[in-house]
Amino acid sequence: MIKPPLSKPVKRMRTTGWRARLALLLLIGMAIAVVSVTNRLLTDRFTENTRNRAELRLVLYGGNLLSELRQNAIVPQLLARDPALITALNSGDFAQSTQRLISFLDEIGAKALTLLDNDGRAVASSERNMLGENHRQAPYFVDASRSSETIFHVLEDETGIYRFYYSRRVQSQSQLIGVIVVEVDLQKYERAWAGISDAVLVTDSEGRIILATEPRWRGLSEQEALAREPVASAIQRAIQTTADWTMVPADAYLEGEAVMRVEGRVAFRGWRIAGFTTYASVREKVNGVLALEIMVFAILLALAFYFLNRKTAFRMAMFQRESAELRALNARLQREIAERRRVQENLAVAEQTLAQSSKLAALGEMSAAVSHELNQPLAAMKTYLAGARLLLKRNRPDEAVSSFQRIDDLIERMGAITKQLKSYARQGGNEFEPVNMGDALSSALAMMEPQLRQRQVKITRAIPQEPVMIMGDRVRVEQVMINLLRNALDATRNTQDAEVDILLAKGETAMLTVRDNGPGIEDLDNLFEPFYTTKQPGDGVGLGLAISSGIVNDLGGRLTARNAASGGAVFEMQLPILPEETRAAE
């Protein structure tokens, strides 16, 4: 009863394993077949593409050579007819000839221009070191002297470099007076080819290499140049090449390495050009595609193994993922802890700095406020003392006692100001009482009496007969009035026929208006900001209007400023009116 059930699972497991192994073998066989076919097809295709590009480059190279040669072929004919050069040869004055050839050099693009006299001596040249050299035996001088056509020569110098010359006779009245020689710069193409192609050479009609990217090839035939590598090494390189993936039959062996040879014709005196391109680019492209295919099959094999062992792989992946997440979480927590510690340390330092800065700011502001508010009583006391001294000298003690009484009143006012500033520092409110705005204005004008005596200012007052009562602190109200009057006096300091109008009105609110005929206010937005002032240094610190605005706001009113239409500034102080019933109750 038990055996049949046990045998079926065993058989099913064996069947599944056999199928899996067969599938893996088929996948491997298919991979080998696909890689082989792809290698053969892609090798042929990329080889043909490389050959086509090499042929196209060779046509371009030949066209460049031919263009350069034809461009310079017409130059000797033009220069041989140049009047300045002919005149110089006839007169023997070559002072400007060299500079003239140099100026032509930039336009022509030749390597060098040389003017020879009828004796073959270089009398002018774009290369100054050639001046004075004798070229009587040079072929380009001898042949040009005997012919009326432009002569072309290829000559090898002592360094093994071939130079290319066009020459033509210069004549005057059918007589030979000199020869113009143009050296063509073809070596620049050698340098350009060396950065693009593997190897390029140009041969003349005799098969001699006159231009080549490999300097050792110059003067040799193509066969001699390719045979410079030892035969044993070339065979060894060829064996290595045939063992490669591509297995392309080589056109030639260049320094022991199989290369592709492409040949073309230059339509100039039987010249030919040949290029050699290695199969490295073909092998790289083919191997790149093959590597991609192998990678795809490797991925398929990996997927097959993964599905065969998915449980183990899944558990391992989960374990790695959880481990990575835990490590990342741990690192993030450590960074956050370190960041929090650093922020707490910076916060503690910032709090200490802020507390110290607040103390210094409060101390400076309080000092400036006390200095500003006490300056006016001190100035008045100084004036009264001077007046009392003068009265005593004139034996008028009764009037001097009156001045001392006023000084006593000012001292009481200074005490009230300091008391007010201390209460303001404690952020505590003073007890308000009914204040007659007319009496407060009269007291303020009495306080400003010394300044009014020194200045010729016309004061116009408009005060109603009935009292204008408010609820507030009389000292602070007088303080605001003094600040407004003092600002009006300062504004009219440079104004002729200075006038200050004071209007006290009673309506829904008590309004005091102070107007001057000064220049007006430029910056109304920052006018009530602390330490903002338009006065010269030493005349004010910019706290008067700021303190006045704060006092009016504490009294429940509003202090505003504007420019009058006829000129000057207008300040308006509005305070809540004291109702009749409240005044009666008081």
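Because the structure is predicted, anything quoted here is derived from the model rather than measured.
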(request) Measure the spacing between CZ of R51 and CD of E48 and express it to the nearest 0.5 Å. (result) 7.0 Å

(message) Between L201 and T213, is there a side-chain heavy-atom distance shorter than 4.5 Å?
(response) no

(message) Could you tell me if D157 and T159 have a donor-acceptor pair between their side chains, going purely by distance under 3.5 Å?
(response) yes

(message) Could you work out, with ring-ring contact (aromatic ring centres under 6.0 Å, His included) as the rule, every residue matching Y165, not counting sequence neighbours?
(response) Y140

(message) How close do A122 and L116 get, counting heavy atoms only, and between which atoms?
(response) CA-CD2, 3.6 Å

(message) I'd like to know if E206 and R269 make a salt bridge, using a cut-off of under 4.0 Å between side-chain N and carboxylate O.
(response) no

(message) Give me the atom names and distance for the closest heavy-atom approach of D119 to F141.
(response) C-CZ, 4.0 Å

(message) Taking CD in Q137 as the centre, count heavy atoms belonging to other residues, nucleotides or ligands within less than 6.0 Å. Is the count above 12?
(response) no

(message) Could you check whether any side-chain heavy atom of I177 comes within less than 4.5 Å of a side-chain heavy atom of N90, counting everything from C-beta outward?
(response) yes

(request) Step through the shown structure and confirm whether more than 12 heavy atoms of other residues, nucleotides or ligands are within 6.0 Å of CD on E263. (result) yes

(request) Ignoring hydrogens and angles, tell me if any N or O in the side chain of N346 forms a donor-acceptor pair with the backbone of V349 under 3.5 Å. (result) no

(request) Assign the ring pair F152 / Y166 to parallel, tilted or perpendicular, where the plane angle (0 to 90°) is split at 30° and 60°. (result) tilted

(message) Looking at E127 and K111, is any side-chain nitrogen of the basic one under 4.0 Å from a carboxylate oxygen of the acidic one?
(response) no

(message) For a quick test of reading the model, state the closest non-hydrogen atom pair linking R168 to T150 and the distance between them.
(response) NH1-OG1, 2.9 Å

(message) Less than 4.5 Å apart, side chain to side chain, heavy atoms only: is that true for E68 and Y189?
(response) yes

(request) Before giving the answer on side chain to side chain contact (heavy atoms under 4.5 Å, CB included), spell out for D143 and H153 the whole-Å C-alpha distance, their side-chain angles and the decisive distance to 0.1 Å. (result) CA-CA 9 Å; D143 294 345; H153 280 283; 2.7 Å; yes

(message) Check this for me: does any side-chain nitrogen of one of E55 and R53 sit under 4.0 Å from a carboxylate oxygen of the other?
(response) no

(request) Flag the pair T114 / V182 as yes when at least one side-chain heavy-atom distance between them is below 4.5 Å, and no otherwise. (result) no

(request) Could you give me the CA-CA distance, side-chain angles and deciding distance for V262 and F276, then say whether side chain to side chain contact (heavy atoms under 4.5 Å, CB included) is met? (result) CA-CA 6 Å; V262 181; F276 300 92; over 6 Å; no

(request) For atom CG of N494, decide whether the heavy atoms of other residues, nucleotides or ligands shown that lie under 6.0 angstrom number more than 12. (result) no

(message) Applying salt bridge (Lys or Arg N to Asp or Glu O under 4.0 Å), can you list everything that pairs with E190, at least two apart in sequence or on another chain?
(response) R218

(message) Return the OG to CG distance between S126 and L105, rounded to the nearest 0.5 Å.
(response) 4.5 Å

(message) As an exercise, state the distance from CZ of R57 to CG of N52, rounded to the nearest 0.5 Å.
(response) 11.0 Å

(request) Using the test side chain to side chain contact (heavy atoms under 4.5 Å, CB included), find all partners of S323 that sit at least two apart in sequence or belong to another chain. (result) F319, R327

(request) Identify the heavy atoms of V142 and R136 that sit nearest to each other, and give their distance. (result) CG2-O, 3.3 Å

(message) With heavy-atom distances below 4.5 Å as the criterion, would you say the side chains of V200 and I273 are in contact?
(response) yes

(message) Could you report the tightest heavy-atom contact between W217 and A199, atom names first, then the distance?
(response) CH2-CB, 3.9 Å

(request) May I ask you to decide if I32's main-chain N or O and S36's side chain share a donor-acceptor pair within less than 3.5 Å? (result) yes

(message) Could you go through I209 and V202, starting from their C-alpha distance and side-chain angles, then the distance that decides it, and tell me whether this counts as side chain to side chain contact (heavy atoms under 4.5 Å, CB included)?
(response) CA-CA 6 Å; I209 298 176; V202 178; over 6 Å; no

(request) Supply the atom-to-atom distance E149 CD to S167 OG, rounded to the nearest 0.5 angstrom. (result) 11.5 Å

(message) For the CG atom of L89 and the OG atom of S172, what is their distance to the nearest 0.5 Å?
(response) 9.0 Å

(request) Decide, yes or no, whether a salt bridge links E133 with R121 under the criterion of side-chain N to carboxylate O below 4.0 Å. (result) no

(message) Using side-chain heavy atoms (C-beta onward) and a distance below 4.5 Å, is Q187 in contact with I161?
(response) yes

(request) With the side chain counted from C-beta on, respond yes when E222 and R261 share a heavy-atom pair under 4.5 Å apart, and no when they do not. (result) yes

(request) Mind checking salt bridge (Lys or Arg N to Asp or Glu O under 4.0 Å) for R265 and listing every partner two or more places apart, or none if nothing turns up? (result) none

(message) What's the separation between atom CD in E339 and atom CZ in R332, rounded to the nearest 0.5 Å?
(response) 14.5 Å

For residues 75-87, dump all side-chain donor-acceptor pairs below 3.5 Å to protein atoms at least two apart in sequence or in another chain.
| unit_1 | atom_1 | unit_2 | atom_2 | d |
| --- | --- | --- | --- | --- |
| D82 | OD1 | R100 | NH2 | 3.0 |
| D82 | OD2 | A84 | N | 3.4 |
| D82 | OD2 | L85 | N | 3.1 |
| D82 | OD2 | R100 | NE | 2.9 |
| T87 | OG1 | P83 | O | 2.7 |

(request) Say whether, by atom type as modelled, one donor and one acceptor occur between the side chain of N563 and the main chain of G520 under 3.5 angstrom. (result) no

(message) Pair L211, L65 - check side chain to side chain contact (heavy atoms under 4.5 Å, CB included), show working.
(response) CA-CA 11 Å; L211 291 173; L65 284 177; 3.9 Å; yes

(request) Looking only at non-hydrogen atoms, find the nearest pair between N118 and L176 and report the distance. (result) CB-O, 4.0 Å

(message) Are L113 and V181 packed together at the side-chain level, in the sense that at least one heavy-atom pair is separated by less than 4.5 angstrom?
(response) no

(request) Check ring-ring contact (aromatic ring centres under 6.0 Å, His included) between F164 and all other residues, then give those that pass, not counting sequence neighbours. (result) W271

